[in-house]
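Take a look at the structure below.
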Amino acid sequence: MIKVRRIRCSSFAMAGSEAKKPVAKQSGGKKKEVKKETGLGLTHRKAENFGEWYSEVVVNAEMIEYYDISGCYILRPWSMAIWEIMQEFFDPEIKKMKIKNCYFPLFVSPGVLQKEKDHVEGFAPEVAWVTKSGESELEIPIAIRPTSETVMYPYYSKWIRGHRDLPLKLNQWCNVVRWEFSNPTPFIRSREFLWQEGHTAFATKEEADAEVLDILELYRRIYEEYLAVPVIKGKKSEMEKFAGGLYTTSVEAFIPNTGRGIQGATSHCLGQNFAKMFEINFENDKGEKAMVWQNSWAYSTRTIGVMVMVHGDDKGLVLPPKVASVQVIVIPVPYKDADTQGIFDAVSATVNTLSEAGIRADSDFRDNYSPGWKYSHWEMKGVPLRIEIGPKDLANKQVRAVRRDNGAKIDIASAELVVEIKKLLGDIQQNLFDVAKQKRDECIQVIHTWDEFVQALNQRKMILAPWCDEEEVEADVKARTKGEMGAAKTLCSPFDQPELLEGTKCFASGKPATKWTYWGRSY
Ligand code: 87F
């Protein structure tokens with residue numbers, strides 16, 4: 001059976017230099033022609049309709065399937081593999097820091113949830129509750145964790161007695177539920193998502209402070225080294241920090257197409273607020289009663305959405321090699337009267353050689369799709385490198401590699417396969433980061449006055465401005481920029497501060513500026 005999928009836009013002009021008359025091999029060995037104009041395509045362009053483009057990419061690349069509950073999405077193997085690869089980096093890193101994994105229950109009793117009132121108050125509308133089992137009402141409804149401070153800290157109080165019980169450093173990989181009402185978006189804002197949440201307790205503030213930054217550095221590495229997405233490390237304003245904590249640090253990314261900043265991950269120092277509330281006390285080495293210092297930190301499946309938004313293009317997803325579950329897809333390009341078996345054998349040998357060298361390679365032998373269809377399919381799925389093997393390649397003892405990031409075609413001698421492919425994958429990883437950074441940097445605008453601020457905001461910039469760091473001024477900026485597109489707010493004050501010249505005024509209040517801060521619309 002030939003499967004024919006009609007498409008709205010044929011991308012077969014890109015199907016490779018040798019795509020004259022592709023044939024597919026039937027199981028009986030007979031050759032049949034496969035329709036050339038079958039394949040996949042996007043109906044929306046990234047630059048023209050970003051929102052529609054994004055939804056289409058995550059579905060067509062087989063990352064996401066929509067679900068019949070709004071704001072919930074199925075993570076298909078293609079996206080789950082990315083999550084697992086990041087996990088394979090992060091989990092050993094935190095274990096090196098002596099952080100241990102654990103698992104606390106999904107359900108929260110109402111008493112415990114409401115214990116820390118200040119922290120829960122603003123979030124209350126997002127908490128989902130279980131009120132029934134079968135047909136009968138539960139005597140006491142049970143909440144589903146939106147985060148686990150209130151779930152875990154009663155036990156921290158129980159487990160921590162003396163200074164020898166410290167530090168207590170736990171992490172859990174889990175799902176959380178937040179019943180969001182604003183515009184759900186796969187990965188970016190969903191009602192259930194996956195994350196890791198770290199919760200640590202120390203005897204001293206110094207230890208807590210140091211860990212906040214160590215974890216933030218791991219988050220930077222996830223974005224920059226794995227997802228090839230440039231981020232800015234910094235501190236949140238009082239208004240934007242986690243209300244239950246002392247201070248919040250974050251890595252901030254930027255989506256040039258929408259001109260919006262996006263919080264990539266957060267690392268909080270909670271100070272002693274939760275310790276007070278949950279009575280997490282210990283006897284210090286002088287025999288005095290003291291309160292612990294705590295941190296909490298998380299990154300979530302949002303990371304994947306940021307990566308899709310930053311690198312994807314009009315042909316679909318673009319995966320950085322370090323997170324691609326298939327780094328190289330090898331496609332046979334058989335022709336009439338060619339040595340089809342020889343080509344197939346060369347494809348298998350190529351996949352074996354690459355796999356043995358630790359490269360994640362796969363072949364696509366499906367006989368009901370043409371090579372051109374397969375090119376489009378694997379481009380849609382964002383595979384960093386495609387290898388085509390046709391009769392000419394076989395004769396010349398070479399393969400043809402095609403880069404997903406820039407379309408470049410490179411002939412590689414079979415003898416140099418592993419070295420060259422490794423080099424190419426490294427180049428692609430670096431190029432994706434460099435291009436993304438250049439685009440991001442082009443969006444950064446340094447301003448000094450309110451007029452410049454408004455103008456830059458209208459141009460969808462990420463704005464670096466001198467600020468007086470006063471909460472009322474941030475509230476005022478929010479109020480003055482309120483509109484259809486959403487208000488501007490602070491993203492972070494970068495740790496890497498440009499020089500602040502003496503006498504510099506706050507762009508919004510005219511008062512003396514105390515720091516440079518990034519502002520913009522955000523997700
Ligand atoms: C929604 C409902 C209830 C965010 C919520 O960032 C509570 C909350 O506490 C809530 N949404 N938050 C803040 C989460 C803070 C903190 N938790 C541990 C983190 C890192 C991991």
State whether [Y] and [X] meet the cation-pi test: NZ (Lys) or CZ (Arg) under 6.0 Å from the six-membered ring centroid, and within 45° of the perpendicular axis.
{"X": "Lys381", "Y": "Trp78", "answer": "yes"}
{"X": "Lys236", "Y": "Phe242", "answer": "no"}
{"X": "Arg386", "Y": "Trp378", "answer": "no"}
{"X": "Arg480", "Y": "Trp450", "answer": "yes"}
{"X": "Lys322", "Y": "Tyr226", "answer": "yes"}

Determine, using ring centers only, whether [Y] and [X] are less than 6.0 Å apart.
{"X": "Tyr103", "Y": "Trp173", "result": "no"}
{"X": "Tyr299", "Y": "Phe90", "result": "yes"}
{"X": "Tyr518", "Y": "Phe254", "result": "no"}
{"X": "Trp373", "Y": "Tyr375", "result": "no"}
{"X": "Phe507", "Y": "His448", "result": "no"}

Got a second to check how far [X]'s [atom1] is from [Y]'s [atom2], nearest 0.5 Å?
{"X": "His377", "Y": "Asp364", "atom1": "NE2", "atom2": "CG", "answer": "6.5 Å"}
{"X": "Leu464", "Y": "Ile447", "atom1": "CG", "atom2": "CD1", "answer": "8.5 Å"}
{"X": "Thr301", "Y": "Ile82", "atom1": "OG1", "atom2": "CD1", "answer": "11.5 Å"}
{"X": "Asn60", "Y": "Ser55", "atom1": "CG", "atom2": "OG", "answer": "10.5 Å"}

Is a donor on one side and an acceptor on the other found under 3.5 Å between the side chain of [X] and the backbone of [Y]?
{"X": "Lys46", "Y": "Met309", "answer": "yes"}
{"X": "Arg260", "Y": "Ile255", "answer": "no"}
{"X": "Glu197", "Y": "Ser148", "answer": "yes"}
{"X": "Arg400", "Y": "Asp411", "answer": "no"}
{"X": "Glu388", "Y": "Pro332", "answer": "no"}
{"X": "Lys422", "Y": "Gly426", "answer": "no"}
{"X": "Thr350", "Y": "Ala346", "answer": "yes"}
{"X": "Glu56", "Y": "His44", "answer": "yes"}
{"X": "Ser79", "Y": "Leu75", "answer": "no"}

Before giving the answer on salt bridge (charged side-chain N to carboxylate O under 4.0 Å, His left out), spell out for Lys315 and Asp313 the whole-Å C-alpha distance, their side-chain angles and the decisive distance to 0.1 Å.
CA-CA 5 Å; Lys315 288 190 202 167; Asp313 65 16; over 6 Å; no

Could you work out, with side chain to side chain donor-acceptor pair (under 3.5 Å) as the rule, every residue matching Arg76, not counting sequence neighbours?
none

For the residue pair [X] and [Y], confirm or rule out a side-chain donor-acceptor distance under 3.5 Å.
{"X": "Lys461", "Y": "Gln455", "result": "no"}
{"X": "Ser296", "Y": "His268", "result": "no"}
{"X": "Ser250", "Y": "Gln263", "result": "no"}
{"X": "Asn101", "Y": "Asp91", "result": "yes"}
{"X": "Trp297", "Y": "Glu211", "result": "yes"}

Please lay out, stage by stage, how Thr517 and Ser493 fare under the test side chain to side chain donor-acceptor pair (under 3.5 Å).
CA-CA 4 Å; Thr517 299; Ser493 295; 2.8 Å; yes

Please name the pair of heavy atoms, one in Leu385 and one in Leu425, separated by the smallest distance, quoted to 0.1 Å.
CD1-CD2, 3.9 Å

Does atom NZ (Lys439) have a neighbourhood of more than 12 heavy atoms from anything else shown, all under 6.0 Å?
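No, not enclosed.
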
Got a sec: does the OH of Tyr67 have more than 12 other heavy atoms crowding it under 6.0 Å?
no

Please list, chain by chain and in numerical order, all residues satisfying salt bridge (Lys or Arg N to Asp or Glu O under 4.0 Å) with Lys423, sequence neighbours excluded.
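Per chain and number, Lys423 pairs via salt bridge (Lys or Arg N to Asp or Glu O under 4.0 Å) with Glu420.
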
Parallel, tilted or perpendicular: which one describes the rings of Phe193 and Trp195, with boundaries at 30° and 60°?
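Because their plane-to-plane angle is over 60°, the rings of Phe193 and Trp195 count as perpendicular.
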
